[in-house]
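The structure under discussion appears below in the form of C-alpha cells.
Note on naming: letters A, B, ... go to the chains in the order of the sequence lines (proteins, then strands), and numbering restarts at 1 for each one. Keep in mind that the numbers below use all heavy atoms, side chains included, and drop hydrogens, waters and symmetry copies.
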There are 2 protein chains.
Amino acid sequence: MTETAPRPTLEAVAERAGVSRATVSRVVNGAHGVRDALAERVRRAVEELGYVPNQAARSLVTRRHDAVAVVAAEPETRIFADPYFAQQLRGISKELTAHDNQLVLLLTEGREDHARVGRYLAGGHVDGALVFSLHLDDPLPGLVRSAGVPTVFGGRPGWDDGRDDVVYVDSDNRGGARDAVRHLAGLGRTRIAHITGPLDQTSAVDRLAGFRDVRTEAGSGLIAPGDFTPGGGERAMRELLDRCPDLDGVFAANDLTAAGALRVLRERGRRVPEDVAVVGFDDMLPVAEQTDPPLTTVRQDIEEMGRLMARLLLRGLDRGAGAGNAAATGPDTPSGVVLPTTLVRRATT
Amino acid sequence: MTETAPRPTLEAVAERAGVSRATVSRVVNGAHGVRDALAERVRRAVEELGYVPNQAARSLVTRRHDAVAVVAAEPETRIFADPYFAQQLRGISKELTAHDNQLVLLLTEGREDHARVGRYLAGGHVDGALVFSLHLDDPLPGLVRSAGVPTVFGGRPGWDDGRDDVVYVDSDNRGGARDAVRHLAGLGRTRIAHITGPLDQTSAVDRLAGFRDVRTEAGSGLIAPGDFTPGGGERAMRELLDRCPDLDGVFAANDLTAAGALRVLRERGRRVPEDVAVVGFDDMLPVAEQTDPPLTTVRQDIEEMGRLMARLLLRGLDRGAGAGNAAATGPDTPSGVVLPTTLVRRATT
DNA sequence: CGGGGCGCCGAGAGCGCTCTCTCCCGCTCT
DNA sequence: AGAGCGGGAGAGAGCGCTCTCGGCGCCCCG
C-alpha cells in the first residue's frame, strides 16, 4: 500500500526548479524560447518529482483531448465471429499511439446505445471518431454527423450518395471479386456461381457487383443468396447444385460461406478443385487455412485499413480546427480511400 | 458545416433557468435537495440548450474520470487469431456502459509500449485498469502495480504467489481439463494423450495440471508439447502416434491444436471418434464447428469473464477510494474468481 | 408567539493547466 | 552614451465544474 501521494503539479515542479509555472509549461510542451540551462533544470525537476501533466486540466483550457473514439455496432456478427475487427483495432491503435492519442472504444447494441454514443460524441470528449458502419440503413452515420465530430468511416457507408464530405476507407471489394472470378475463368471454368453476402451490407453488394462485372463479360452468372455464415453457405450451395448440377466454379462472398459450400460439395461427391473450384473472400486465417482443402481466397489488408483510418482522421484534425465539424475533410484529404486486395491461391482452385 | 457553436456551460443553463450554477450542478448530478419545481426548470433549460457536462472540468475537481483502461499485449497471437479478446471486450464494454464508464483501450507491443502504458496509468487518466496478462514473465503486472492503479487481471497471473491483493478472473482451466479427460475415460478410452499449450501461459499450465489430475487417478498419461496453433497440433499428434500407435483418446489444449491433430489423425488413417476420440478446449466457434467432424470441446463463458472483470473493478472503485491503490481489493472482494466451464459434446467423441 | 432547527439555494473558492500580456534584461545602432 | 529592440521569463486571468459554507425562510415545538 504505497501512500496515495498527491501527484505533483506544475506548481511543484516550478518551485523545485526555481522558475514560474509558465516556464515549466513551456518546457513540458514544445519548449520554445527557454534557455537551455533553465530547460534542463526544469527537466530534472520533472524527472525527480515524477511529474505527469494532468490531462483533465490541460483539456479544460486547450479543448483538445488527444483521444479518438472508435465506434462499432456490436451485434455485427462478423465483428465478433472473426478476428477482423481486432486486426482493424490493432492498426488503429498503432497509428494513434504513434501520435500520442488515446483510443476510446464505444461498442453499441440497440437503440438506447445509439443515443448514448450520440451524447458522448456530442459531449466533446474526443477529438474525432472512427466509425464502422456496415449496414445500408445504419443509424450511426447520421448520428455522428449531427454530433458534429470529425469522422472517418470504416467501410463504404451505404449512403455514399456522392457527397464529398464523407471520408471513408474501404478495401476494394468489387475489384477483389473481379479478380476472384477472373481467376476461376482463367482456369477454364465456365459455369461459375456466386454465393452472396447479406445485401444490406456494402461489402456484400460490392462483391456481387464485381462478380457481375466479369460474368457480364463472360456470360450469365448463377447467383444464390448467403449471409456470410457457414450455414448460409451450405444452403446456397445446395440450391446452386440443384439448379445447375454441372457448375464448375464457385465464388463465395466470404471465407465462412466458402467453408459451408465446401462441406456441401464434399457431401454431394464433388471433388475440389477437380470438379468444382472455389474461391472465398477475406483470407480469414483460422478459417481459410483450416478448410479441407485449404481455401483460395481474396486477402485484404485489414490492419492497414485501420491504420489508414486513424491517419486520415488525425490529419484532418490537425488542420480541421478551423472547419471544426462534420468531417476530416480538406482540399487534399481524399473523401474515400480504397485499399487493394490480393488473391491468395491455395488448394481449392 | 454547422457553426462550431460554443457548447453551453453550466453557467448558461443556470442563467436560463434563473438559478445558480450550484443548483444546476445538483440537478445534473444526483439531484438531492432541490425542489421539484426548480429541478424541473433546470431540466428544461438543459434540454433546450442541449447541455452536456464538460468531463474535463468535472474530472479536474472530482479526480474521477469514469474511465477504465483495458490493457492487452498485442503480440499475443491468440488475441488476434481468434475472437476471444473481442468477446471479452464485449463483456467489459457492456458492464462499463451500464455504469457510465468509458473504455480506453491500450494495446502494447514491445518494451517502449510498456513504458508508455506505465506512464499513462500512473498519469491518473483512468480510475482503474483491466489487464490481460497471459505469460508467466509478463512485465505488465509489475508495471501496473507500481503505477498504483486499481486493477483486475484477466487470467490467473503467473506470479499468483499467494498474495492476497491480486484480483483476477479466470476460467476453470484445470477443472475443464479434468472434465475433458474424464469424459474420454468415461467413453472407455484408456490410452489418452494430451497435447499441451505453450507452458509459459498459465492457462496451458492449468490445463496440463487438470490432465495430470485425472491421469494420475487412472494411469500414466502421454504428453506432447504444443503451442496453441494447428501446426503445433499436427507436430505433436505425429509424435504421439509414433510413440503410441494405439492411443485411443486425445485431449488438446485448445481447439486450434485439436484441428491440427484431427488432420493428422485422418492422414494416418485413424477414424474419429471410432479409433481415436478427440476433445479440444475453448469452443472457439469458427473452428470447433468447422472441423471435420465437429469438435467436442470445453466451453468457457468468455463474455462473462469480461463482464465480471469490469464488475469487480467498478465495485472496488466505489469503496476503494480510501485505499486508493494497488488493487480493487477489500474484505468481500474475492481475490480470484474462477468461472466454470462446460463440456460441449459434438462428433469427435 | 418566539426560538431553534432543518432544508434549499447561492456565493465563492479553487482543481491544474495554458496563454496572453507585460516586464526586464542585454544587446545593437546611431 | 542613450534610445530602441527583441527574446526570455513571470504574473495573472481564466477554462467549466464541484463542493463547502453561510444565509434565509419555513415548520415545529415549547
Side-chain angles (χ1 to χ4, degrees), chain A residues 4-43 45-46 49-67 100 119 122-127 321, chain B residues 4-43 45-46 49-67 100 122-127 321 324:
Chain A
T4 307
R7 296 204 298 123
T9 71
L10 244 207
E11 187 82 49
V13 177
E15 189 175 355
R16 176 163 196 122
V19 298
S20 74
R21 281 203 319 275
T23 301
V24 178
S25 178
R26 278 187 273 256
V27 173
V28 169
N29 303 318
H32 268 311
V34 177
R35 261 178 329 200
D36 284 356
L38 261 201
E40 194 43 51
R41 268 220 324 268
V42 170
R43 270 189 286 266
V46 165
L49 261 40
Y51 170 74
V52 184
N54 180 321
Q55 181 62 35
R58 183 180 276 176
S59 293
L60 186 54
V61 26
T62 60
R63 276 125 202 300
R64 303 185 59 232
H65 300 85
D66 295 318
D100 271 311
R119 239 179 301 126
H125 301 292
V126 290
D127 300 329
Chain B
T4 307
R7 297 203 298 123
T9 70
L10 244 206
E11 186 82 50
V13 177
E15 190 176 356
R16 177 163 196 122
V19 298
S20 75
R21 282 203 318 277
T23 301
V24 178
S25 177
R26 278 187 272 257
V27 173
V28 169
N29 304 317
H32 269 311
V34 176
R35 262 177 329 199
D36 284 356
L38 260 202
E40 195 42 52
R41 269 222 321 269
V42 170
R43 271 189 286 268
V46 165
L49 260 40
Y51 169 74
V52 184
N54 180 322
Q55 182 61 35
R58 182 180 278 177
S59 294
L60 186 55
V61 25
T62 59
R63 276 125 201 299
R64 302 185 60 234
H65 299 85
D66 295 317
D100 271 311
H125 300 293
V126 291
D127 300 330

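One axis for each end of the helix from C:dC1-D:dG30 to C:dT30-D:dA1, each built from five base pairs, and the angle between them comes to 50° at 10° resolution.
In 5' to 3' order, the nucleotides of DNA chain C bounding all contacts with chain A (an atom under 4.0 Å from a heavy atom) are C:dG16 to C:dC19.
Of the residues in residues 15-23 of chain A, those placing a heavy atom less than 4.0 Å from an atom of DNA chain D are A:Val19, A:Ser20, A:Arg21, A:Ala22, A:Thr23, in numerical order.
Each of B:Leu38 and B:Arg63 was assigned the nucleotide of DNA chain C with the nearest heavy atom; the assignment lying further toward the 5' end belongs to B:Leu38.
With sequence neighbours excluded, the residues that form a side-chain contact (heavy atoms from CB on, under 4.5 Å) with A:Glu11 are A:Thr9, A:Arg21. Residues meeting the side-chain contact (heavy atoms from CB on, under 4.5 Å) test with B:Ala122, sequence neighbours left out: B:Ala147. Not a single salt bridge (charged side-chain N to carboxylate O under 4.0 Å, His left out) links B:Arg58 to another residue, sequence neighbours left out. The salt bridge (charged side-chain N to carboxylate O under 4.0 Å, His left out) test applied to B:Glu40 returns B:Arg43, not counting sequence neighbours. When the side-chain contact (heavy atoms from CB on, under 4.5 Å) test is applied to B:Arg64, the partners found at least two apart in sequence or on another chain are B:Thr62, B:Asp66, B:Asp127. In this structure, the ring-ring contact (aromatic ring centres under 6.0 Å, His included) partners of A:His125, at least two apart in sequence or on a different chain, are A:Tyr120. Scanning for salt bridge (charged side-chain N to carboxylate O under 4.0 Å, His left out) contacts around B:Arg16 gives B:Glu48, with sequence neighbours left out. Qualifying side-chain contact (heavy atoms from CB on, under 4.5 Å) partners for A:Val52, counting only residues two or more places apart in sequence or in other chains: A:Arg7.
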Give me, pair by pair, the N or O atoms of the protein and of nucleotides 23-25 of chain D that are less than 3.5 Å apart, along with how far apart they are.
none

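Between A:Val34 and A:Arg26, some side-chain heavy-atom pair lies under the 4.5 Å cut-off. Side-chain atoms of B:Pro53 and B:Leu10, non-hydrogen and from C-beta on, never get closer than 4.5 Å to each other.
Formation of a donor-acceptor pair under 3.5 Å by the B:Ser59 side chain with backbone atoms of B:Gln55 is found in this model. No donor-acceptor pair closer than 3.5 Å links the side chain of A:His65 to the backbone N or O of A:Ala56.
Shown here for B:Val13 and B:Val42, the closest heavy-atom pair between the two residues is CG1-O, 4.2 Å.
Here D:dA11 presents its P atom at 10 Å from CD of A:Glu11, a figure rounded to the nearest Å.
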